[in-house]
2 protein chains.
Amino acid sequence: MALSLAPIQRPKSLHEQTYDALRASILSGELPPNVRLVETQLAEKFGVSRTPIREAIRQLQREALVTADDSGNLRVATITVADAVQLYDCRLALEQLAVEGACLQASDAQLQCMDDLITQAEQYITPPTSTQYYPIMLELDYQFHRLIAESSGNRWLVMLLEQVFDKMALLRVQTTRSNPRVLEIRFEHRQVYQGILAARRSDHPQAAIAPALQAIQTHLMASKARVVEAVQSLQQTTQN
Amino acid sequence: MALSLAPIQRPKSLHEQTYDALRASILSGELPPNVRLVETQLAEKFGVSRTPIREAIRQLQREALVTADDSGNLRVATITVADAVQLYDCRLALEQLAVEGACLQASDAQLQCMDDLITQAEQYITPPTSTQYYPIMLELDYQFHRLIAESSGNRWLVMLLEQVFDKMALLRVQTTRSNPRVLEIRFEHRQVYQGILAARRSDHPQAAIAPALQAIQTHLMASKARVVEAVQSLQQTTQN
DNA sequence: CTACTGTATACTGTATACAATACCATTAAG
DNA sequence: CTTAATGGTATTGTATACAGTATACAGTAG
């Protein structure tokens, strides 16, 4: 008669909730890059005391989403173009490993889920005012890449990539909100997916990985180029 | 007359010192894996109040050096063989990127420093009681790999690799203290170094990277095999 | 002897208090 | 008019208090 063996829904502690909320505020741009973080203000904003705030900040600091400026004040981190390039290099190295793992281990459910994510993204084809769909596209993009990492079965790979993604998200809130060219990911994602699917279905997956690897590399290189270009053109208009 | 532009030696705050000390205690094995971390005990041990302890723990938790067990108590993390394999995969992906970067960008000083580290390691040739030299070898090993990452000029790569290294160090404190076969790194390191040096000195470094990449791969695969073997033989003797 | 329950104890989560420091503005001195 | 001194305010660093929760132990009923 053991119906619910679930060890009870333990409510998240305040510092965990604070961490989540603060991280979300940063990644959404609500707390924009370089803004100073004042413990007392945040405590009031989230309706908690300073203690949980500090614990949350320490975690974000370790992930480099929060950094200390030269006078020691804590601020939301800013990501430069140089950082973006370096992060893309790390990302490519890690995602190639992820794709390789996915080619060998992805479950049918995971493959199906990838397909769904791409199809969903394809729904949002070229709406004239694509601005409102932009966050959705980004979220779908993130989920797709994360799912590949998860499919590899490598827990640490997921953790490492998540950190890289967070910093890239931070870069995005600094750059233009709407970059129509992001829509190109739809095609590139399908290429990656088909590479993984083909390898997974192949009799000798080990030998059939190459196209998938090539696809993820092409995708990320193109993505990197788009981001760099977007940031640079943004900086020009800013200087005018 | 600006002699010291250094922005003043700001004394580390207690929570930073606590973080360092706690991390060191974990990585050195003084606080062995799976030991329960009790805030009040740690506070007494380090002579501070619970507040800085908590902040330090939160950071270590984010790096997965500290984890919560099923009843929510915080413990020093334990790394399994499966984890080690996955970590080595991540490590190889990242270190190949590091070697590539080092081939293109390492400064003369950095190359010299690599040479020194290897030479130092070679000093400790086969002393009969190698046990006492074991920690030194590990430290030299770590520094060599870290230096390669730094030579790539990729700040994020260094951060990510550092996290991987920490977890591998944690695995090591679980496994046998003295594994004589670690000494083999001396030869393998020199291979890696010579690959990097050759590429760096080459007229077309971009084309001369392959040997260095091959060397780091060989080194890490061999290292992975040694670690896995060591852990497995350890488990056998434990079960007897 | 075993199982249950109550109580003391230990620990964590959170808030708050207090001290030290950095920042800012205003005023006084040169 | 500029610079230095001074006080006040904002903010962080750290300790501690207190409440809620888990854990262990003992005593009691079966």
Side-chain angles (χ1 to χ4, degrees), chain A residues 1-2 4-23 25-26 31-32 34-77, chain B residues 1-2 4-23 25-26 31-32 34-77:
Chain A
M1 191 50 195
S4 96
L5 292 172
I8 285 186
Q9 181 83 313
R10 201 180 290 274
K12 273 196 184 179
S13 63
L14 281 192
H15 72 257
E16 285 173 295
Q17 293 181 56
T18 303
Y19 167 80
D20 292 340
L22 198 47
R23 177 171 172 276
S25 296
I26 291 173
L31 286 173
N34 208 38
V35 139
R36 176 158 177 211
L37 296 176
V38 175
E39 292 174 6
T40 47
Q41 287 172 7
L42 294 172
E44 189 173 2
K45 169 177 162 126
F46 293 121
V48 298
S49 81
R50 279 175 55 213
T51 310
I53 298 281
R54 303 191 107 240
E55 295 177 79
I57 287 181
R58 292 297 163 252
Q59 299 186 65
L60 292 165
Q61 215 177 340
R62 192 122 301 275
E63 303 172 67
L65 288 185
V66 168
T67 55
D69 64 19
D70 12 76
S71 51
N73 295 319
L74 296 178
R75 297 178 177 276
V76 175
Chain B
M1 188 57 195
S4 93
L5 291 172
I8 289 185
Q9 183 77 314
R10 204 178 288 272
K12 274 196 183 181
S13 63
L14 281 192
H15 72 256
E16 285 173 294
Q17 293 181 57
T18 303
Y19 168 80
D20 291 339
L22 198 48
R23 177 171 174 276
S25 296
I26 291 173
L31 287 173
N34 208 38
V35 139
R36 177 157 177 214
L37 296 176
V38 175
E39 291 174 7
T40 47
Q41 287 171 8
L42 294 173
E44 190 173 2
K45 168 177 160 125
F46 292 121
V48 299
S49 81
R50 279 175 55 214
T51 310
I53 297 281
R54 301 192 109 238
E55 295 176 82
I57 287 181
R58 292 299 162 252
Q59 299 186 62
L60 292 165
Q61 215 177 341
R62 192 124 301 275
E63 303 171 68
L65 289 185
V66 167
T67 55
D69 64 20
D70 12 76
S71 51
N73 296 319
L74 296 178
R75 296 177 178 276
V76 174

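Note on naming: letters A, B, ... go to the chains in the order of the sequence lines (proteins, then strands), and numbering restarts at 1 for each one. Quick note: numbers below take in every heavy atom, side chains included, and nothing from hydrogens, waters or symmetry partners. All values derive from a computational prediction rather than experimental measurement.
Judged by the 6.0 Å distance and 45° axis criteria, A/R62 is positioned over the aromatic ring of B/Y19.
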message = side chain to side chain contact (heavy atoms under 4.5 Å, CB included) for B/T51 and B/L14? Distances and angles first, verdict last.
response = CA-CA 9 Å; B/T51 310; B/L14 281 192; over 6 Å; no
message = I'd like to know whether A/L42 forms a side chain to side chain contact (heavy atoms under 4.5 Å, CB included) with A/I57, so could you lay out the CA-CA distance, the side-chain angles of the two residues, the decisive distance to 0.1 Å, and finally the verdict.
response = CA-CA 10 Å; A/L42 294 172; A/I57 287 181; 4.1 Å; yes
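Backbone-only engagement by B/Q41 is indicated by non-hydrogen atom pairs under 4.0 Å involving sugar-phosphate atoms exclusively. Using a 4.0 Å heavy-atom cutoff across all strands shown, B/T51 reaches at least one base atom of the nucleic acid. Residue contacts for B/L37: at a heavy-atom cut-off of 4.0 Å it reaches the sugar-phosphate backbone alone, with no base atom in range.
C/dT12 atom P lies 9 Å from atom CG of B/L42, rounded to whole Å. Between B/R75 atom CZ and C/dC11 atom P there is a gap of 13 Å when expressed in whole angstrom units. Atom CZ of A/F46 and atom P of C/dT14 are 15 Å apart (whole Å). Atoms CD1 (B/I57) and C1' (C/dG13) sit 13 Å apart, rounded to a whole Å. Rounded to an integer number of Å, the gap from CZ of A/R58 to C1' of D/dT14 is 12 Å. Separating the CD atom of A/E44 from the P atom of D/dT11 is a distance of 11 Å, rounded to the nearest angstrom. When the P atom of D/dG13 is taken as reference, atom CD1 of B/I53 falls 16 Å away, rounded to whole Å. Counting to the nearest Å, the P atom of D/dT16 and the CZ atom of B/R50 are 12 Å from each other.
Comparing C/dA15, D/dA15, D/dT11 by their closest approach to the side chain of B/S49 singles out D/dA15. Considering only side-chain atoms of A/E39, the nucleotide from D/dG13, C/dA15, D/dC18 that sits closest is D/dG13. Ranking D/dT14, C/dA15, C/dT12 by closeness to the B/T40 side chain, first place goes to C/dT12.
Remark: A/R36 is not in phosphate contact with D/dA10, judged by side-chain N or O atoms under 4.0 Å from OP1 or OP2. Listed pair B/H15 / D/dG13 fails the phosphate criterion, with no side-chain N or O lying under 4.0 Å from OP1 or OP2. Taking 4.0 angstrom as the limit, A/R54 places none of its side-chain polar atoms (N or O) nearer than this to OP1 or OP2 of C/dA15.
Taking all atoms of both residues into account, the shortest heavy-atom contact from A/P32 to A/V76 is O-CB, 3.6 Å.
Nearest-nucleotide positions on DNA chain C place A/S13 closer to the 5' end than the other of A/N73 and A/S13.
Taking the side chain as every heavy atom from C-beta outward, A/Q17 and A/V48 never approach each other to under 4.5 Å.
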